[in-house]
Number of protein chains: 2
Amino acid sequence: MTRVLVVDDEPQIVRALVINLKARKYEVDSAHDGASALELAAARHPDVVVLDLGLPDMDGVEVIRGLRGWTRVPIIVLSARHASDEKVEALDAGADDYVTKPFGMDELLARMRAAVRRAEPVAAEGESVIATESFTVDLAAKKVNRDGADVRLTPTEWHLLEVLVRNSGRLVSQTQLLQEVWGPAYRKETNYLRVYLAQLRRKLEADPSHPRHFITEPGMGYRFEP
Amino acid sequence: MTRVLVVDDEPQIVRALVINLKARKYEVDSAHDGASALELAAARHPDVVVLDLGLPDMDGVEVIRGLRGWTRVPIIVLSARHASDEKVEALDAGADDYVTKPFGMDELLARMRAAVRRAEPVAAEGESVIATESFTVDLAAKKVNRDGADVRLTPTEWHLLEVLVRNSGRLVSQTQLLQEVWGPAYRKETNYLRVYLAQLRRKLEADPSHPRHFITEPGMGYRFEP
DNA sequence: CACGCGCCGTCAAGATGATGACAATTCTCC
DNA sequence: GGAGAATTGTCATCATCTTGACGGCGCGTG
């Protein structure tokens, strides 16, 4: 879930934002001054900050600098002032976007989506490694390792493995496998599955004739068990 | 130097932007319709795109989608229309920012700086020297050293090496390599890859016919192993 | 309990497609 | 104009994919 930090000293603005954001399944924290904004940001690590520049305790630009000292979280500035120099100052201090009040909620939400989308891939470099007792699958690097050595998989083998691993523990029907790996025209070619499952087992299972991870569910499909 | 692509069908706007940008040491390309915009973007790989939505030949949102199909270059949309739904549509299609005409040049420039600043670090992550047993690659200095001597690489060779090294250990698909180095129009020209991989291997591998660092993953792509 | 049927795993061989080396041509920048 | 670089085309080789045939196993049925 996306976490938002809303910083504004006007309670009605905060309320409107919180209601709208929560309705759209954002997780929302709010602060009404710069000090608690910085504190909350550090404690909660939001995915995006919506920041009003007119705060009671400190200059909004200082808040931006305070955040930028340690995080690259997207910052969207709200401000009642249309003056160009203030926009320039905020943006150059490290803000990602600048929206003038009064603003349309749709627009603000769209700008938030844009900011979060941009930040995603940098933040979401999450390891996508699935491990079993005998081998590991690295989905991002497209690598399979067994006993410390990389296993060579053909493109089709890899694709099949990928679909099974992404549905770890779940049963995947034959039709679905065929459709995803070979395309919709091959939905009936169950031979392929038999051949390629056998190859995967030969390359990855300790005892290919007694598979522990690539399980056949007769009449239904196959299941990957980590 | 930062490269900008300006897309607008009004000559006076283009002229104003080009003059301002060049004065600030940007390298500027300009296009007056969507088709040539996409073409130029592919050919020149700008660091930021300034895009007017009202183009004669195609919908601006289509241009955004066309770009987003293969690149994450920041896109700043210009538009005369203040309508909220148009902003939302553009932003959700993948635009980074939306500025309504008439706009202040200072503000646009600040938004460009913000967009470029955000995009930068994704490319330049931390240490920029990658070493192998037989050679080292310095991404920042654009230098390759082997046995104490610098190796001369052609621009294309370097670009290819750079993409592979930035994805160290990960598999990079042929399409992705072709797209990043030669542009989206070359997605099918796998010859190029074969030729240039061979050249890189000849220059960098101890035994070019048995590569240890530039690994072919048949049917899938190539991988750089440090 | 024996039988037939459907489903699955195995195997081998031909068709297909990808790869890397080489050669020739065009392009680009001094 | 010339050298180096980039592009394009071709070809032999090899891995992969596809296909069909075969045998075993489990299950339901008579």
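Numbers restart at 1 for each chain; the letters A, B, ... are given by sequence-line order, proteins then strands. On a predicted model such as this, the values are computed, not experimentally measured, just so you know.
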Task: Donor-acceptor pair, side chain of B/Glu205 and main chain of B/His213, under 3.5 angstrom - done: yes
- [ ] Indicate whether OP1 or OP2 belonging to D/dA6 is found under 4.0 Å from a side-chain N or O atom of B/Trp182.
- [x] no
Open item on the list: Under 4.0 Å between a side-chain nitrogen and a carboxylate oxygen: does that hold for B/Glu10 and B/Lys101?
Closed with: yes
- [ ] For B/Glu189 and D/dA6, give me the distance from atom CD to atom C1', rounded to whole Å.
- [x] 13 Å
Task: Aromatic ring proximity B/Trp158/B/Tyr196, centre distance under 6.0 Å - done: no
Task: Gap between atoms NZ and C1', on B/Lys188 and C/dA18 respectively (whole Å) - done: 14 Å
Open item on the list: Near DNA chain D, counting only heavy atoms under 4.0 Å, which residues of residues 150-157 of chain A show up?
Closed with: A/Arg152, A/Thr154, A/Pro155, A/Thr156
- [ ] Name the orientation class of the two ring planes belonging to A/Trp70 and A/His45 (parallel below 30°, tilted from 30 to 60°, perpendicular beyond 60°).
- [x] perpendicular
Task: Residue A/Arg68 excluded, over 12 heavy atoms near CZ under 6.0 Å - done: yes
TODO: May I have the distance from B/Leu200 (atom CG) to D/dA5 (atom P), rounded to whole angstrom?
DONE: 13 Å
Task: DNA chain C: 5'-proximal contact among A/Val195 and B/Arg194 (nearest heavy atom) - done: A/Val195
Task: Separation of atom CG in A/Leu193 from atom C1' in C/dG6, rounded to whole Å - done: 17 Å
Open item on the list: Using modelled atom types and a 3.5 Å cut-off, is there a donor and acceptor pairing between side-chain atoms of B/Arg223 and backbone atoms of B/Gly169?
Closed with: yes
Open item on the list: Once you apply a heavy-atom cut-off of 4.0 Å, does A/Arg202 come out as touching a base, just sugar-phosphate, or nothing?
Closed with: nothing
Open item on the list: Using whole Å, what does the distance between atom P of nucleotide D/dA6 and atom OH of B/Tyr186 come to?
Closed with: 12 Å
Open item on the list: With the threshold set at under 4.0 Å for non-hydrogen atoms, list the residues of residues 206-225 of chain A touching DNA chain C in residue-number order.
Closed with: A/Thr216, A/Pro218, A/Gly219, A/Tyr222
Task: Atom-pair distance (OH on B/Tyr196; C1' on D/dG4), nearest Å - done: 11 Å
Open item on the list: Any carboxylate oxygen within less than 4.0 angstrom of a Lys/Arg side-chain nitrogen, looking at A/Asp97 and B/Arg111?
Closed with: yes
Task: Interatomic distance, A/Asn191 CG vs D/dA21 C1' [rounded to whole Å] - done: 10 Å
Task: B/Leu177 CG - C/dA18 C1' separation (whole Å) - done: 16 Å
Open item on the list: Any base atoms under 4.0 Å from A/Gln199, or only sugar-phosphate, or nothing? Heavy atoms, all strands.
Closed with: nothing
TODO: Would you check if the distance from the ring center of A/Phe224 to the ring center of A/Phe214 is below 6.0 Å?
DONE: yes
Open item on the list: Under a 4.0 Å threshold between the charged nitrogen and the carboxylate oxygen, would B/Lys22 count as salt-bridged to B/Glu27?
Closed with: no
